[in-house]
Amino acid sequence: MTEPILKVNSVTKCFGGLTAVDDVSFSVEKGEIVGLIGPNGAGKTTLFNVISGYYAPTKGSVVFQGNDISGKPPYHLAGVGIGRTFQVVKPFAGLSVLENVTIASFLKHPKKADAERHAWQVLETTGLADRAHLSAAGLTLAGRKRLEISKALALDPSFLLLDEVVAGLNPTEADRTVELIMKLKAQGLTILIVEHIMRVIMNISDRLVVLNFGKKIAEGTPAEVSSDPHVVQAYFGEEAA
Amino acid sequence: MKTSRGAAILAIITAALLILPLVVHDTFVLRVLTEGIMWIGLAIAFDVIAGYTGYLNFGHGAFFGIGAYTIGILMMQAHLPFWVALPLGGLAAALTALIAGIPTLRLKGAYFAIATWALSRAIQQLALNVEFTGGPDGMRLEAFLNPLFFYYLMLITVGVIFLILWYLLERAPFGLKLKAIREDEEGAKALGLNPTMLKMQSFILSAIPTGILGGIYAYWITFIDPSSTLGDLVSDQAVVMVVFGGMGTLFGPALGAILIFAFKTIFWAYLSDFQLLYLIILGALIAISVIFIPNGLWGTLVKRKAVARPQQKPEPASEPAALSAVAVPEEGN
């Protein structure tokens, strides 16, 4: 196998006395979709924030394409090919959908006309083109989640971090988003995804990493993980296990 | 169509302003016009940091005062010619922004406003207490009494400032990047934007023209003192002009500057016994603008128009246009 695109080496992140992520290691191979799951408060989003540069790890390191990126600021990571979405969506509410995506396009297309053209293409892919001139504040939740993906995609990333882009959508919207994610995988994008909806995460992930109380408790294919006693215990309690 | 009509209107206004002094010989009128143009410049410069970047700078007046004092000191004490001193006034304001920006740009919202206000008070106190500014007595500059010269100098300077800012903020990517910072700093980081850098650039871009205008003002009025150039009024008026005109639109603040300055002139000409009322009205106007026209005059006008005329999508140069035509049924919004 080739060198993994992302390597998380014993990452620990503490906030004061609280250890949110505790000595977690795993890697992501090029072209795969890896699902990061775990009960509420397991440390998934914290780990995302460490990988995307919002937090520096307390211990351990994150290696992306062979380079140590631990502690590098998010805007630097966007430049090397890491795109991310936010669980609590962060649209530029006062700007139009097109402007939102154009801003992200500036990274690879410094000229405004090129960036706008690129933004249109991204919006066509994500199905927001018909709402391009709407204010981002006027979008539905589904629309705003789509906008998050559009902005991350406009960076032309090689690695995408998706934080709960399906949660909160109705089944039709969810299916459209899953379809989009599969399309991105087909285009060669590597994806690390946090998701609560099991139906979705089990179907799209090549591998799963399971966190509980900040620790990695299991890793493997969806089938392996779902029969792992530790995982069952984490989700359903002692007796079920 | 819209832009070409806008350009035509601007061209007419510019032409009118250029030939006006040939028709109007009254020095008082010329003086009022010169000051009005200066306020347009101050308002649009303020809009860079306050409107586009979302950092309400209540110390804008400090840049103006520092520009004015730099020119005063350089001309009267170092005996530099005006044209050498003027750009140094802009540079002094830029340096002030750089130094003041490092601590204050970490703050947000009201905290930034309070910190910048306090800083401008501190600078005023400094000017009152040190020797080389002349303290409370102020400073007299060599008089160069040529109203026409100052009218044209102000007009051209503000015209150039307007063009540069318009290009950077409305045509180049820089303006959109600043707006991204204004809307969501954390979100902007994930898109490759460095907020610290952009905010600093914006603060300096706002300071330079303000310092230059302060320098022209000093040479024109020939007398500066801490209360006229470093007082609250410069900041306060800039805030009202921009909030009332429409933040982050460049044209709005220019419109706001014209209206507020006209009001001020009329008020002081006819109601000078009630000067205290002027500040009260100014304060009330901020409150009223924020509550009833949060987008300002210009923002409200532009929005009305946008609603009346449905937005059409400019055809992108490549094939995806066809795709959307198939995939997307007509939607009224």
Side-chain angles (χ1 to χ4, degrees), chain A residues 52-54 73-80 82-86 88-96 98-125 127-134 136-138 148 151-152 154-155 161, chain B residues 51-52 54 167-198 246-249 294-295 299 303 306-307 309-333:
Chain A
S52 60
Y54 277 82
Y75 44 86
H76 173 85
L77 300 187
V80 300
I82 300 180
R84 74 160 292 180
T85 68
F86 290 90
V88 180
V89 291
K90 293 185 179 294
F92 303 131
L95 307 181
S96 75
L98 179 66
E99 285 173 321
N100 267 269
V101 182
T102 302
I103 289 165
S105 301
F106 286 142
L107 183 72
K108 294 283 167 70
H109 305 271
K111 284 204 179 127
K112 198 169 184 181
D114 298 343
E116 248 169 44
R117 200 172 304 131
H118 182 255
W120 274 113
Q121 284 169 359
V122 171
L123 290 175
E124 301 287 354
T125 315
L128 275 178
D130 56 325
R131 280 163 278 179
H133 285 297
L134 268 188
E148 281 289 306
K151 281 156 79 177
L155 302 169
L161 292 150
Chain B
Y52 283 85
Y167 176 78
L168 284 175
L169 300 172
E170 292 294 325
R171 278 289 162 268
F174 187 61
L176 261 186
K177 289 180 183 174
L178 291 187
K179 285 180 181 174
I181 302 293
R182 177 186 75 196
E183 297 292 327
D184 195 318
E185 228 167 293
E186 290 302 304
K189 278 188 201 166
L191 304 184
L193 303 183
N194 179 345
T196 313
M197 188 65 88
L198 284 164
M247 297 174 79
T249 58
N295 296 310
K303 245 192 191 153
V307 172
R309 188 183 46 204
Q311 290 273 13
Q312 68 265 42
K313 172 175 135 190
E315 289 305 315
S318 45
E319 69 285 7
L323 249 166
S324 77
V326 183
V328 178
E330 260 335 300
E331 224 173 297
N333 50 5

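Residue numbers begin at 1 in each chain, while the letters A, B, ... track the order of the sequences.
Remark: B:Phe174 pairs with no residue by the ring pair (Phe, Tyr, Trp, His ring centres under 6.0 Å) rule, at least two apart or across chains. In terms of the ring pair (Phe, Tyr, Trp, His ring centres under 6.0 Å) criterion, A:Phe106 has no residue partners (sequence neighbours excluded).
In terms of heavy atoms, B:Gly54 sits closest to B:Arg182 at CA-CG, 3.7 Å.
Both the backbone and the side chain of B:Ala188 come within contact range of chain A, each with at least one heavy atom under 4.5 Å from a heavy atom of that chain. Looking at A:Thr102, the atoms closer than 4.5 Å to chain B (heavy atoms on both sides) all sit in the side chain, from C-beta outward.
A 4.5 Å side-chain heavy-atom check between A:His76 and A:Val80 finds at least one atom pair inside the cut-off.
Counting heavy-atom pairs under 4.5 Å between each of B:Ala180, B:Ala172, B:Gly187 and chain A puts B:Ala180 at the top. Contact count against chain B (heavy-atom pairs under 4.5 Å) is highest for A:Ile103 among A:Ile103, A:Val89, A:Ile82.
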